[in-house]
Amino acid sequence: TLPVGALAAAALLALSACASDTGSNPSGEASGGSEIALVKDGVLTVCSNPPFEPFEFEDASGEIVGLDIDLNREVAKDLGVDVQVVATPFDTIQSGAALNTGACDVVASGITITDDRKEKFDFSEPYFDADQGLLVPAGSDLRDVADLAGKKVAVQMATTGEKWAQENDLTTVQFEDLGLQIQALETGQVDAVVNDIAVLGAYTSEGYEVANTFPTGEQYGLGVKKGNTALLDAVNATLDRIHEDGTYDAIYTERVGTAPVSK
Ligand code: LYS
């Protein structure tokens with residue numbers, strides 16, 4: 001058995017070899033492994049809850065893609081492993097169950113960092129700012145909280161949007177994901193949809209409009225199992241790298257459609 005330091009040094013060497021010698025790996029497949037234990041060898045398994053465009057959604061071929069997945073591809077690249085995305089109910093993600101049952105290494109699902117959730121799993125540095133938003137049928141006069149009195153508002157189960165709606169005494173109807181919220185708006189089962197503002201724009205071409213933004217000052221983080229500091233450090237190191245080398249801005253611009261505003 002090699003001492004831990006030697007293993008880490010070997011892993012670092014392997015990583016730098018990959019980075020400097022991409023030509024020797026024309027298949028593009030991850031070679032080698034990392035010193036970090038993963039639920040499946042050689043793969044960074046990521047739990048996510050689509051549809052939540054532009055963070056996680058199916059492309060034309062049915063593959064789950066998006067900003068959250070792009071970030072994990074960067075983490076996996078730095079670890080020298082592949083990525084696999086597992087579609088998972090958001091409640092299972094935000095409760096910590098997905099990580100605790102070993103369904104995945106990372107949860108990446110537009111998850112707002114909250115004190116409650118911090119007790120259940122560990123968060124990376126924040127990577128995206130979020131507020132709540134209101135989606136209504138185009139031409140609707142529903143705008144403000146006061147307009148929503150007596151109206152039915154679709155919320156996503158176990159989300160900060162659900163909490164916000166409850167705190168504002170709205171009449172909520174709970175759905176498991178954003179796709180089902182939109183369906184309920186389409187069938188007239190609800191009058192409006194509340195969810196994170198950044199995901200509502202995807203529906204404005206389908207006869208809906210974003211009627212309002214409610215500033216909640218949220219921030220998204222990636223999550224790992226409580227105490228998995230090796231993986232958490234790796235995730236944060238990748239976030240640092242991609243913020244410095246321009247990769248984060250490129251991903252953001254591609255997925256969101258505008259360049260990030262630096263603060
Ligand atoms: N950001 C919100 C939350 O963490 C919504 C996430 C929903 C993801 N599909 O509760």
Side-chain angles (χ1 to χ4, degrees), residues 45-59 63-72 85-100 103-104 106-135 153-168 170 172-185 190 192-203 208 210 212-226 235 239 252 255-256 260:
T45 309
V46 179
C47 285
S48 192
N49 175 240
F52 210 63
E53 190 176 350
F55 301 95
E56 38 271 339
F57 59 100
E58 283 188 14
D59 69 7
E63 192 191 346
I64 300 172
V65 298
L67 185 144
D68 284 341
I69 314 307
D70 294 340
L71 297 184
N72 280 283
V85 182
V86 183
T88 308
F90 187 69
D91 196 16
T92 308
I93 290 174
Q94 71 85 34
S95 68
L99 291 166
N100 290 333
C104 44
V106 176
V107 285
S109 202
I111 311 165
T112 299
I113 302 171
T114 68
D115 288 340
D116 280 355
R117 291 172 181 164
K118 275 189 199 164
E119 287 175 16
K120 298 169 187 155
F121 54 93
D122 291 336
F123 279 101
S124 71
E125 296 305 319
Y127 66 86
F128 199 93
D129 294 334
D131 292 303
Q132 292 302 309
L134 186 72
L135 189 77
V153 178
V155 294
Q156 184 176 356
M157 184 190 300
T159 63
T160 51
E162 178 178 56
K163 202 169 165 221
W164 178 87
Q166 287 167 350
E167 283 166 2
N168 283 279
L170 302 183
T172 58
V173 187
Q174 191 189 58
F175 296 90
E176 221 179 80
D177 64 43
L178 177 63
L180 296 173
Q181 286 180 272
I182 301 294
Q183 242 176 58
L185 191 57
V190 298
V193 161
V194 165
N195 209 318
D196 298 3
I197 187 72
V199 299
L200 300 180
Y203 300 98
Y208 304 109
V210 179
N212 211 340
T213 303
F214 305 112
T216 49
E218 299 173 54
Q219 290 187 304
Y220 295 165
L222 302 174
V224 304
K225 193 173 173 177
K226 210 157 210 1
V235 167
L239 290 176
Y252 185 110
R255 296 303 184 183
V256 178

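Just follow the structure's listing: the first ligand is 1, and inside any ligand the first atom is 1.
Centroid-to-centroid, the aromatic rings of Phe90 and Phe52 stay 6.0 Å apart or farther.
Protein residues with any heavy atom under 4.0 Å from ligand 1: Asn49, Phe52, Phe90, Ser109, Gly110, Ile111, Thr112, Arg117, Gln156, Thr159, Thr160, Asp196, Tyr220.
Within 6.0 Å of NZ on Lys163 lie no more than 12 heavy atoms contributed by other residues, nucleotides or ligands.
Residues Gln132 and Asn212 bring no donor and acceptor atom of their side chains to less than 3.5 Å of each other. Gln156 and Glu176 form no side-chain donor-acceptor contact under 3.5 Å, judged by distance and modelled atom types alone.
Ring planes of Tyr220 and Phe55: perpendicular class, angle over 60° (limits at 30 and 60°).
Formation of a donor-acceptor pair under 3.5 Å by the Lys226 side chain with backbone atoms of Lys118 is found in this model.
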